[in-house]
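Nothing fancy with the numbering, it's 1 onward along the sequence.
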Amino acid sequence: MNRTDVLETDAPRGVVGLRELASRHALLPLRLFLGVTFVYAGIDKLTDPAFLSASGDGSIGDLMRGVRDTSAIPGLVDLSLNSPAGFAVALAIGEILVGLGALVGLLTRLAALGGALIALSLWLTVSWAVTPYYYGNDLIYLMAWTPLILAGAPYLSLDSVIRSRLSRRTA
């Protein structure tokens with residue numbers, strides 16, 4: 001018997017149940033935070049006419065031109081500058097879809113991968129030159145999506161409902 005076995009057996013039954021429940025749902029707060037944040041970010045972009053413009057104060061075009069020379073991948077910035085408004089709409093819709101996937105737990109690993117790719121592309125372009133690196137928030141979002149890529153949403157999700165129904169049909 002190891003130390004954790006002793007701790008589990010010494011703990012009252014209710015405490016063990018709470019620990020099990022907490023560990024089972026440990027990723028839920030992260031999933032909710034990332035989901036709400038990405039849905040909000042996407043809606044914020046779609047409802048900001050200045051952001052959706054190719055040029056002008058607060059526009060995606062001016063933002064991308066401003067970070068082009070300091071980004072890790074200037075070619076990616078150039079690609080976005082071919083159609084800044086189209087890129088802004090695609091980014092916003094991607095954020096909304098990723099956020100909704102995380103919130104309801106549908107195709108969670110795929111949604112998390114999408115969120116990680118969005119965060120990675122923003123880190124390598126928009127926040128690449130931020131120093132020290134930990135002031136830039138895109139790298140943090142990239143890391144925050146990683147546990148959901150690995151674990152998905154096994155509880156309180158549409159993924160778990162679908163998985164349960166499929167297993168009942170095959171049984």
Side-chain angles (χ1 to χ4, degrees), residues 4 19 21-157 159:
T4 33
R19 285 183 189 158
L21 183 66
S23 67
R24 185 180 313 144
H25 295 86
L27 292 178
L28 185 60
L30 182 62
R31 208 177 95 205
L32 295 175
F33 170 76
L34 290 170
V36 167
T37 300
F38 270 59
V39 168
Y40 176 76
I43 291 171
D44 190 45
K45 287 174 180 67
L46 287 178
T47 58
D48 183 354
F51 183 79
L52 296 174
S53 301
S55 62
D57 287 343
S59 70
I60 184 70
D62 279 3
L63 172 67
M64 297 313 279
R65 279 187 287 281
V67 300
R68 192 224 177 261
D69 294 334
T70 58
S71 77
I73 307 176
L76 189 58
V77 176
D78 291 340
L79 187 63
S80 73
L81 287 170
N82 288 334
S83 176
F87 171 74
V89 169
L91 175 62
I93 290 172
E95 287 174 333
I96 291 169
L97 291 175
V98 161
L100 290 174
L103 280 173
V104 300
L106 180 62
L107 302 172
T108 309
R109 285 190 168 111
L110 183 61
L113 179 62
L117 290 174
I118 289 170
L120 176 64
S121 65
L122 293 174
W123 176 55
L124 292 174
T125 55
V126 177
S127 60
W128 182 253
V130 174
T131 56
Y133 76 92
Y134 51 82
Y135 281 167
N137 64 352
D138 297 311
L139 180 59
I140 296 165
Y141 284 109
L142 171 61
M143 294 298 113
W145 283 111
T146 304
L148 294 176
I149 293 171
L150 297 172
Y155 301 101
L156 298 176
S157 66
D159 288 343

Contact between [X] and [Y] at the side-chain level, heavy atoms closer than 4.5 Å - yes or no?
X: K45; Y: V89; value: no
X: I118; Y: V98; value: yes
X: V36; Y: V39; value: no
X: W128; Y: V67; value: no
X: L30; Y: P147; value: yes

Would you give the length of the straight line joining atom [atom1] of [X] to atom [atom2] of [Y], rounded to the nearest 0.5 angstrom?
X: F38; Y: L97; atom1: CZ; atom2: CG; result: 12.5 Å
X: F87; Y: L79; atom1: CZ; atom2: CG; result: 8.0 Å
X: T108; Y: D159; atom1: OG1; atom2: CG; result: 3.5 Å
X: L46; Y: L91; atom1: CG; atom2: CG; result: 9.0 Å
X: I96; Y: L103; atom1: CD1; atom2: CG; result: 11.5 Å
X: S71; Y: L122; atom1: OG; atom2: CG; result: 11.5 Å

Between [X] and [Y], which heavy-atom pair has the shortest distance, and what is it?
X: S59; Y: G56; value: OG-O, 2.8 Å
X: A85; Y: L52; value: CB-O, 3.1 Å
X: S157; Y: R31; value: CB-NH1, 3.9 Å
X: G35; Y: A102; value: CA-CB, 4.0 Å
X: R65; Y: A54; value: NH2-O, 2.7 Å
X: A153; Y: G105; value: CB-CA, 4.3 Å

So, D62 side chain and S55 main chain: donor-acceptor pair closer than 3.5 Å or not?
->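 No: the side chain of D62 does not pair with the backbone of S55.
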Donor-acceptor under 3.5 Å (R109 side chain, L148 main chain) =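 It does not hold such a pair.
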Please list, chain by chain and in numerical order, all residues satisfying side-chain contact (heavy atoms from CB on, under 4.5 Å) with D48, sequence neighbours excluded.
->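 Result, side-chain contact (heavy atoms from CB on, under 4.5 Å) vs D48: A50, F51.
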With sequence neighbours left out, write down each residue that passes side-chain contact (heavy atoms from CB on, under 4.5 Å) with A26, or none if nothing qualifies.
->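 Per chain and number, A26 pairs via side-chain contact (heavy atoms from CB on, under 4.5 Å) with no residue.
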Taking only residues two or more places apart in sequence or in another chain, which ones pass side-chain hydrogen bond (donor to acceptor under 3.5 Å, both in side chains) with S127?
->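 Listed in chain order: D138.
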For L34 and W145, run side-chain contact (heavy atoms from CB on, under 4.5 Å): C-alpha distance rounded to whole Å, both residues' side-chain angles, the deciding distance at 0.1 Å, then the answer.
-> CA-CA 8 Å; L34 290 170; W145 283 111; 3.7 Å; yes
Would you please test L76 and L124 for side-chain contact (heavy atoms from CB on, under 4.5 Å) and show each step?
-> CA-CA 9 Å; L76 189 58; L124 292 174; 5.6 Å; no
Check step by step if side-chain contact (heavy atoms from CB on, under 4.5 Å) holds for V126 and M64.
-> CA-CA 7 Å; V126 177; M64 297 313 279; 4.2 Å; yes
Give the ring-plane orientation class for F33 versus Y141, where under 30° counts as parallel, over 60° as perpendicular and anything between as tilted.
->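 Geometry flag for Y141 against F33: parallel rings.
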Around atom CG of N82, are there more than 12 heavy atoms of other residues, nucleotides or ligands at under 6.0 Å?
->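 For N82, atom CG is crowded (more than 12 foreign heavy atoms under 6.0 Å).
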